[in-house]
Structure formats: structure tokens, C-alpha cells
Asker: 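Got a structure for you, questions after.
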Amino acid sequence: MDRNTVIGFVLLALLLFVYLFISTKNSRELQAKQQQKTDSVAQVQRVRDSIRLANDTTAKVTTAVDSNQLATRGVEELTVVENEVVKISFTNKGGQPKQVELKSYKSLINGKPVVLNNTAFDKFSYPINTGNNNAAQIADLYFATPKVVKNADNSQTVVYQLAVPGQGAVTHQFTLRPNDYLIDWAVQMAGADKMLTSGKFNLIWQQQPSQQETDVKYERTQTTVGYYEDNEFDYIQTKSAKAFEKPVQWVSVSQQFFNTTLIASKSNFSGGDIKFIKNLEDTTSKIAEVTTTLQTQVPLGPNANVPMQLYFGPNDYSILRKHKNEIPEMDKIVNLGRDMYAFVRPINKYIVMPVFDFFKSWGVGLGIAIALLTLFIRLLTSPLVYTSYLSGAKMKALRPEIDKLKEKYNNDQQQVGVEQMKLFREAGVNPLGGCIPALLQIPIFFALYSFFNSNIDLRGVDFLWADNLAAYDVILRWGFHFPGLGNHLSLFTITAVLTSFLISVYNMNMTPDQNNPALKYMPYIFPFILLFVFNGLPAALTWYYTVSNVITLILQFVIQNYIIDHDKILAKIEENRKKPKGKSKWQERLEAMQEAQAQAQKAKSQQKK
């Protein structure tokens, strides 16, 4: 291998990336157009079915209104409706979903299908006036036995009706589409001018997500409440409350891999607030408690219709992205980079995800796909690596002269530093040449941290000794909590730490000796720190880090022994010394500062004498 070979590999990697980007973009655009057409046809059909159902149930509603008693008591009855991906149990108490089973996902606690919205705390409600200055919460009232209709587009509609004596009637209509996690929900009122005060519809939504992953504490840290306010996505993770001051289109209670979302279909909610309770030290299966209140103004009149949608499903980027025409930026529920790390989101969207999906489409295991992704990324960043190693080789070539400077100035750090900078300038060596390329790779690490931490495809997938790539792997457990490590030890973390240690030792051998103890012992301290940082992270990330380190060690050996010609480096350094040198302003300031420090140190020494 020579330098041209490395450049050739880099060009191949770039061509592969361009091909993946273009093909993925064209495929997504085609899918978006097809999905938009399908959604438009389905929407028209749902409107027709809604009108037909409304006309079909008018007689029943009129008859029910003649009832003289509000249904505050009754027997709870469940009605089950399902499609290819969800099984929803509706209850007549409050006329709403009681629990939602996700057919394609298993709880890692008991191996049964994931169930959302299944606690006594979970419910939707809003107040209505029942006459004689009385009011009732809709969640406490019993609707009549629902009517279930299968529509022409294979969607299913569930219609609940409630008579409010002397006031009117309430209808809850739910439509479940084929192979979809999204539910259309319409609240219809006959007599809205009597049941709603000044036309204000005040919805109360309670959610208490329960543990689905093996580590409840880590799952709790990943739980957030996202929302789309004033055409912008935002979220809260530790904040206990949030007041909406601008229109809100949707609110989502999101666990690590699943979420429940409430969406305003036509007009946004005008305001409201969120109360978010999450105790990170809680050891029960309860993840959090979220109470959201949302207000909207309905037109004054006898009839009102409040269209909404509900999403019960996975935090899958492709699934959430499918609804982008109906629900803007819902895909941001998947954390591919937020806040101070928001700059890595484009890296994940346009590089990491397409490449990973491409390798995954080969039919290899996800562990192998991660290794191939690692190889691709290292190939793409190989110019930075080559520059770093070349700088290290130059520093190594200058080591004998640096040792002479230390001997000449009796290890006077100030004077040695000044002379060392002059030596680097004469030889044309950048002392930061090995650091800057490494720093430029940090965004890739943060991008992959977000990607592996939120990729639901990794959930429950085993590889080598790890039984779940989306959580830490365990080789040893103990019965107490050790600060920083917890109650376990991860084997992938150990392999990542050991390979990091080997890289650090190798790099120290390539650089001039350090008299500063902090720098001299850093290669031994840094891997130890990584042990505490990585031990609780997903196995996919620590496996990536291990593979990346192994590739680094191989690249170091190949580049240093077969690509970099040390004799040519020495000849180039000698050639650079013969050329006239100009100083940059940064070099002038640095040398001036070092000269001043040296003079100050010298003066201080003379005063002591």
C-alpha cells in the first residue's frame, strides 16, 4: 500500500456514499409521493364513511337524548379492534382506548407483546356541562355499546355514543387504518353550546409509561415529552412543568423505544401545560407520570367536531417519517441529535442511517452490519488518520534533537518550549497536526452515540455474548451499587478500554517524551475513565468502539511500516530547514508568550539567588 492506494480507497468510499445518498433520496421521494396519494384517497374515504356513520346514527342519538338519566354508573365493556400491527382494546367507560398491544415488539421483561396505555392512570378526559350547574368528566361516564364498521379501504371505525339528558349527545369516533399505528379520533357533540362553556374544549390527557427494557433506570433517563409548538419541535427531559404560550399541534410521551402521541388534526390546540414527574431513583416499573392539559376553541353553535389523532407505536424513524405530510417533524421524537449535539443529526440522517440500512439489507446480522459501518466510517476518515500519523512520524524523527535541547537547557521547561517551537518551525512540523484530525472525529462519535442509543432495530438483537445490542452486555454482576459502574461489568466495555489503552501507549511512543506528569500518564488514566463512561452504554456502541480501535491499530501498523517512508520524512525536514521561514501571527504570539515566560522564570531564579 502507498499513498495513492489510500487516496483510491477514500475515493471509492466517497463514490459509495454518493451512490447511497442519491439512491436513498430517490427512493424516499417516490415513497413520499405514493404515500401522499394513498393518504389523500384514504382521507376522502374516511370523510365519506364519517358522514355515512353520522347519518346512520342520528336516530339512535335522538332516542338516547330522551333518556332521563346520565350514565355515571355502568359495567365496563371492552371492544377489541386490530390490524396487522396493533390490537386495541376500547372501553365504554369514557369511550376511549384502554390498552394498546404492539404485535411486532416484545417486552424484554416478560417476553410478551409490548402493551401501552395500560394503567389506571392512563386516560383522556374533558369536562362537559350536564345541566343544573353540574359538570362531569367524560372519562367517568359510560357510553353505549359501540358500533364497529369495516370501511371500503379496509380501515375500521368504532363509534361510541353518550346521551346527556337535556343537553345533547357526545360521539367518540375512532378509525384504525390497515398496517398503521395511527388512529383518527373525532369528538362530535350535538348540543355543544350547552355542554361547553363559551365553546372551550379542555382536554386532559394522562400517561404513565411502564418499563419495557431490561434496565429501568436507563430507560427512565431516556424518557422525554416532545411537542410541536409554534411550528418548532422541542422537548423536556428533566423539567417538571411546561406551559404552552403558543399554538401546539402535537404532544408525545416517549420512552426509549416507544411513544404515545396526541395530535390536533386540523386546528392546533391554542394552549395548555404539561406536568412531568420522573423520579430517577425509583426502582419500580413506573417510568414517569405525565399530565397534559390542552385547550381549543370550537365554533359557537349546537354542533361541534374536534378532530384529533392518536399514535401508539415504536420510535421508528421510517414509520414516523411516513406521516410527515400529516404530522410535521414527528420523526424528531427519535433522538438523532438534540440541543448542543443537534449538529450531528444531519450526519445520522444522511450518512450513518443510509449506510447502516444498506449493509443491513445484505442480510447480515446487525453486529456484522455495525462492523461494516465502522469500516466504512474509518475508510471515509482515513485522510485525517493519515495526516495524524504523518505528523506523529515527523515528531518521532525530531525526538533525538528534542532530547538534545532538554540536555542543553537542563530540562528548563520554559526555554525548552521556546527552542522546541523554533525547531518545529524550521522543520516544517505542526505540533497540533496529530491532535486536530482526532478532534474532527469527535462529532462522529456523538452521532453514533445518538444513533445506537435510539435505533429500535437493535432492540433485543443478540450478538456474540451480548443478548441485546440496545443495552449493555453483562459478563459479571455483583449485589451492590459501585459508584460509576453500577452493579455489573460489560465485556464489550473491557474490550473497548483495552484497545484504547493500546492505542494510547502506541501514540505516546510516537511523540516526544513528556516531563509533565499529567500528560505522561494520560494514556493510563483515560482508558480507566472510559471504563466508567462506557459500562452502562448500549453494547452496539461499545462494540463499534472496539472495532474502530482494532482498525486504528491495524492502520497504525500498516501506515507506519508500509506507507510512511521515514527516510523521506527526514530528507523533507532537512529540505524545509533550508527554506526561508515566515511566522504566522499565531506563532509570533505563542513564541512571544514563551519568551516572556522564560524571562520571568529567569528573573525569578536570579532573585532567589
Side-chain angles (χ1 to χ4, degrees), residues 94-97 117 121-130 135-140 170 172-173 182-189 191-209 223-254 259-278 288-312 320 323-324 326-330 332-333 338-339:
Q96 59 187 279
N117 198 72
F121 185 79
D122 300 323
K123 61 183 176 182
F124 299 91
S125 191
Y126 54 89
I128 59 171
N129 298 323
T130 58
Q137 288 289 336
I138 204 72
D140 298 328
V170 177
H172 285 184
Q173 179 175 300
L182 198 64
I183 306 168
D184 295 328
W185 177 27
V187 176
Q188 301 166 352
M189 291 186 181
D193 51 347
K194 296 180 181 178
M195 286 186 285
L196 298 179
T197 303
S198 302
K200 294 180 179 179
F201 182 79
N202 299 316
L203 182 65
I204 304 170
W205 176 35
Q206 296 180 180
Q207 275 289 293
Q208 182 180 293
T223 298
T224 62
V225 178
Y227 52 89
Y228 194 69
E229 180 185 17
D230 195 31
N231 297 321
E232 288 185 0
F233 170 81
D234 204 350
Y235 73 102
I236 55 177
Q237 186 163 9
T238 56
K239 191 175 180 181
S240 59
K242 160 69 181 177
F244 295 122
E245 299 176 354
K246 298 177 180 178
V248 180
Q249 183 167 354
W250 56 263
V251 178
S252 177
V253 178
S254 175
N259 79 84
T260 302
T261 304
L262 172 66
I263 307 110
S265 295
K266 291 184 179 179
S267 58
N268 295 339
F269 298 108
S270 57
D273 61 72
I274 299 173
K275 294 180 181 178
F276 186 25
I277 301 174
K278 181 170 64 173
E289 280 189 6
V290 185
T291 301
T292 306
T293 59
L294 296 165
Q295 296 91 36
T296 189
Q297 183 75 36
V298 301
L300 296 176
N303 298 314
N305 183 39
V306 183
M308 294 174 286
Q309 292 175 302
L310 302 171
Y311 178 90
F312 299 95
L320 297 175
H323 298 291
K324 66 178 182 178
E326 302 173 78
I327 312 167
E329 296 195 9
M330 194 177 176
K332 286 192 174 180
I333 292 174
R338 292 174 177 170
D339 294 334

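Start at 1 with the first residue, then count along the sequence. It should be emphasised that the depicted structure is a prediction, and the values quoted were computed from it without experimental measurement.
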Asker: Please test Val170 against Tyr126 for side chain to side chain contact (heavy atoms under 4.5 Å, CB included), starting from the C-alpha separation and ending with a verdict.
Answerer: CA-CA 12 Å; Val170 177; Tyr126 54 89; 3.2 Å; yes
Asker: On a heavy-atom basis, which atom in Pro127 and which in Asn202 lie closest, and how many Å separate them?
Answerer: CD-O, 3.2 Å
Asker: Does Glu232 have more than 12 heavy atoms from other residues, nucleotides or ligands lying within 6.0 Å of its CD?
Answerer: no
Asker: Can you tell me how far the NZ atom of Lys123 sits from the CG atom of Asn117, to the nearest 0.5 Å?
Answerer: 12.0 Å
Asker: If the condition is salt bridge (charged side-chain N to carboxylate O under 4.0 Å, His left out), which residues does Lys332 pass it with, not counting sequence neighbours?
Answerer: Glu329
Asker: Could you tell me how the ring of His323 sits relative to the ring of Tyr311: parallel (under 30°), tilted (30 to 60°) or perpendicular (over 60°)?
Answerer: perpendicular
Asker: Can you pull the salt bridge (charged side-chain N to carboxylate O under 4.0 Å, His left out) pairs that have at least one residue in residues 289-305, sequence neighbours excluded?
Answerer: Lys286-Glu289
Asker: Short question: side chain of Gln206, backbone of Phe121 - any donor-acceptor pair under 3.5 Å?
Answerer: yes
Asker: Answer yes or no: is there a donor N or O on one side and an acceptor on the other, between the side chain of Glu229 and the main chain of Lys246, under 3.5 Å?
Answerer: yes
Asker: Could you walk me through whether Val251 and Val225 pass the side chain to side chain contact (heavy atoms under 4.5 Å, CB included) check?
Answerer: CA-CA 7 Å; Val251 178; Val225 178; 4.0 Å; yes
Asker: Strictly distance-based, threshold 3.5 Å: is any side-chain N or O of Trp185 a donor or acceptor partner for the main-chain N or O of Ile263?
Answerer: no
Asker: I'd like to check the side-chain contact (heavy atoms from CB on, under 4.5 Å) partners of Asn268; sequence neighbours left out, ordered by chain and number.
Answerer: Pro247, Gln249
Asker: Working to the nearest 0.5 Å, report the span between OG of Ser198 and CD of Gln297.
Answerer: 7.5 Å
Asker: Could you check whether any side-chain N or O of Lys242 sits under 3.5 Å from a backbone N or O of Ile236, counting only pairs where one atom can act as donor and the other as acceptor?
Answerer: no
Asker: Verify the distance criterion only: is there a donor paired with an acceptor across the side chains of Thr197 and Asn129 at less than 3.5 Å?
Answerer: yes
Asker: Please check if the side chain of Gln173 supplies one atom and the backbone of Asp184 the other of a donor-acceptor pair under 3.5 Å.
Answerer: no
Asker: If I take atom OG1 from residue Thr291 and atom CD1 from residue Ile274, how far apart are they, to the nearest 0.5 angstrom?
Answerer: 10.5 Å
Asker: Run Ile183 and Gln309 through side chain to side chain contact (heavy atoms under 4.5 Å, CB included) and show every step you take.
Answerer: CA-CA 5 Å; Ile183 306 168; Gln309 292 175 302; over 6 Å; no
Asker: Give a yes or no on whether the backbone of Ser125 and the side-chain of Gln96 come within a donor-acceptor separation of less than 3.5 Å.
Answerer: no
Asker: Check for a donor-acceptor pair, side chain of Gln208 on one end and backbone N or O of Asp122 on the other, with a separation under 3.5 Å.
Answerer: no
Asker: Can you establish whether the number of heavy atoms outside Gln137 located under 6.0 Å from its atom CD is more than 12?
Answerer: yes
Asker: With sequence neighbours excluded, tell me which residues meet ring-ring contact (aromatic ring centres under 6.0 Å, His included) with Trp205.
Answerer: Phe124
Asker: With sequence neighbours left out, write down each residue that passes side-chain contact (heavy atoms from CB on, under 4.5 Å) with Asn305, or none if nothing qualifies.
Answerer: Ala186, Gln188, Pro307
Asker: Can you name the residues that form a salt bridge (charged side-chain N to carboxylate O under 4.0 Å, His left out) with Lys194, not counting sequence neighbours?
Answerer: none
Asker: Does any N or O in the side chain of Ser254 come within less than 3.5 Å of the main-chain N or O of Asn259, such that one atom is a donor and the other an acceptor?
Answerer: no
Asker: Checking ring-ring contact (aromatic ring centres under 6.0 Å, His included) between Tyr227 and each of Phe233, Tyr235, Phe244, which is the one that passes?
Answerer: Phe244
Asker: With side chain to side chain contact (heavy atoms under 4.5 Å, CB included) as the criterion, how do Met308 and Leu262 come out once you've worked through the C-alpha distance, each side chain's angles and the decisive distance to 0.1 Å?
Answerer: CA-CA 7 Å; Met308 294 174 286; Leu262 172 66; 4.2 Å; yes
